[in-house]
Number of protein chains: 2
Amino acid sequence: MQNTAKLFKALSEDVRLRILGLLLQGELCVCDLMAVLDLPQSTISRHLSYLANAGWLAGERRGVWMYYRLRDQGGNLQQDLLAVLGKHLRELPAVAQDHARLEQYLKIKKPSACG
Amino acid sequence: MQNTAKLFKALSEDVRLRILGLLLQGELCVCDLMAVLDLPQSTISRHLSYLANAGWLAGERRGVWMYYRLRDQGGNLQQDLLAVLGKHLRELPAVAQDHARLEQYLKIKKPSACG
DNA sequence: ACTGTATATCCGCATAGGCGGATATGTGTC
DNA sequence: GACACATATCCGCCTATGCGGATATACAGT
C-alpha cells in the first residue's frame, strides 16, 4: 500500500514528470538532463534518486557517467501506469518542449562528452 | 503540467487511495467513510476536499449529507488513470479489506442513517 | 598518488501537508 | 430561532520534501 502511494508520490512533482518524459525517449545520463532541463546538478541528482528509489528508474554506471532509464519491471499497476505515461506525457507542453530541447542538444553535443 | 502533478499527488497518500478504492463501488457519504475507515471526521473531510480539488471527486449535497463519487470527466490522462485504478486498486490488501468492511457496514447500517 | 570531471550527498532554509481536537458552517426539525 | 446533527475549516504541532550552494565520493587518465 505504502509502496503504491510512493509510486504516485514520485510522479507528483513537475521536475520528476519532465525527467520521466525525457526518459521515454531512451536512457540519458545526468549531464544530459542538466543540459536539457537547465537545472543545478544537485537538483537533478536528487530527483533521480527519488525516482529510482520509488522503483521507476534503473541507473547504470559507465565510467564516470551514470545513465538512467525507465524500469519496465515492477508490478502490474506500475506497468500499466508506465503505459499511461508513455501515452500521455508527451502531450504536456512542458514535456514536448523538453523533447525539442533534447533533440537540439543532441545535435550540438560534442562526441567528447558523456556517451 | 502542475495540474498533472497535482493529479498524482492526490494519489500519493494511503488514506486517499483507500477512499478512492471504496468509491470504486459507488458513491458514499462522509459518515459511511468514517465508519468504514475508522478515522476522525476531520481527517476524512480533509482528504475528500483534497481529492475533489485535484479533480478526482464530485461532491453533492443531499440534505445534511454530502455524497462523493468518482468523476469520470477530466482529461484523457485522468480517464486512463482512473481505468488503471479501477483495474488494480482492489488488488491492494488494504483496499480489499476496506471493501469487506464496507459490505459488513452496509448490512448493519440503520435505514435511519444517511441515505 | 594527483588532478579533473561526474555524480551523490550534506546543509540550512522554506513550504506543503499529515494529524486530530476544537470550532464554524450548513441544514432540517420543532 | 433554538436545537441537533453532518460536514467543513481552523489550529498548533510535526514530518516530508523542495531548493541550490557546498562538500564528499567515484572514476579515468597521467
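Hydrogens, waters and symmetry mates are skipped; everything else that's a heavy atom, side chains included, is used. Order of the sequence lines fixes the chain letters, A, B, ..., with proteins taken first and strands second; residue numbering starts at 1 for each chain.
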Worksheet item: Would you say the side-chain atoms of R16(A) pair up with the backbone N or O of A10(A), donor to acceptor, closer than 3.5 Å?
Response: yes

Practice prompt. Using the closest heavy atom to pick a nucleotide of DNA chain D for each, name whichever of P40(A) or G63(A) lands nearer the 5' end.
Written response: P40(A)

Discussion item. Does dG17(C) have OP1 or OP2 under 4.0 Å away from a side-chain N or O of H47(B)?
Written reply: no

Worksheet, complete the sentence: To the nearest angstrom, the CZ-P distance between F8(A) and dT17(D) comes to 16 Å

Worksheet item: Roughly how many Å is it from CG in L57(A) to C1' in dT7(C), rounded to a whole number?
Response: 15 Å

Worksheet item: What's the CG-P distance between L33(A) and dA8(C), to the nearest Å?
Response: 11 Å

Worksheet item: CG/L11(A) to CG/L7(B) distance, rounded to the nearest 0.5 angstrom?
Response: 10.5 Å

Discussion item. Base, sugar-phosphate or nothing for R16(B)? Non-hydrogen atoms, less than 4.0 Å.
Written reply: sugar-phosphate

Worksheet entry | Ion pair check, E60(A) and R62(A), cut-off under 4.0 Å | yes

Item to complete: Could you state the atom-to-atom distance from CD1 of I44(B) to P of dG20(C) in whole Å?
Response: 10 Å

Response to the item:
Interatomic distance, OH@Y67(B) vs CG@L28(B), rounded to 0.5 Å, equals 9.0 Å

Fill in: Spacing of E13(A) atom CD relative to dA16(C) atom C1', expressed in whole Å
12 Å

Worksheet, complete the sentence: Atom CG of D14(A) and atom C1' of dC19(D) are separated, to the nearest Å, by 14 Å

Worksheet entry | Flag side-chain contact, heavy atom, 4.5 Å: N76(A) against H88(B) | yes

Fill in: Between dA26(D) (P) and E60(A) (CD): distance, integer Å
18 Å

Worksheet entry | Approximate separation, where rounding is to 0.5 Å, of R69(B) CZ and L24(B) CG | 14.5 Å

Item to complete: Do nucleotides 2-16 of chain D as a string where each nucleotide becomes B, S or -: B if the base has a protein heavy atom under 4.0 Å, S if just the sugar-phosphate does, - if no protein is that close.
Response: ----SBBB------S

Fill in: Rounded distance in Å - CG (L11(B)) to P (dG18(C))
12 Å

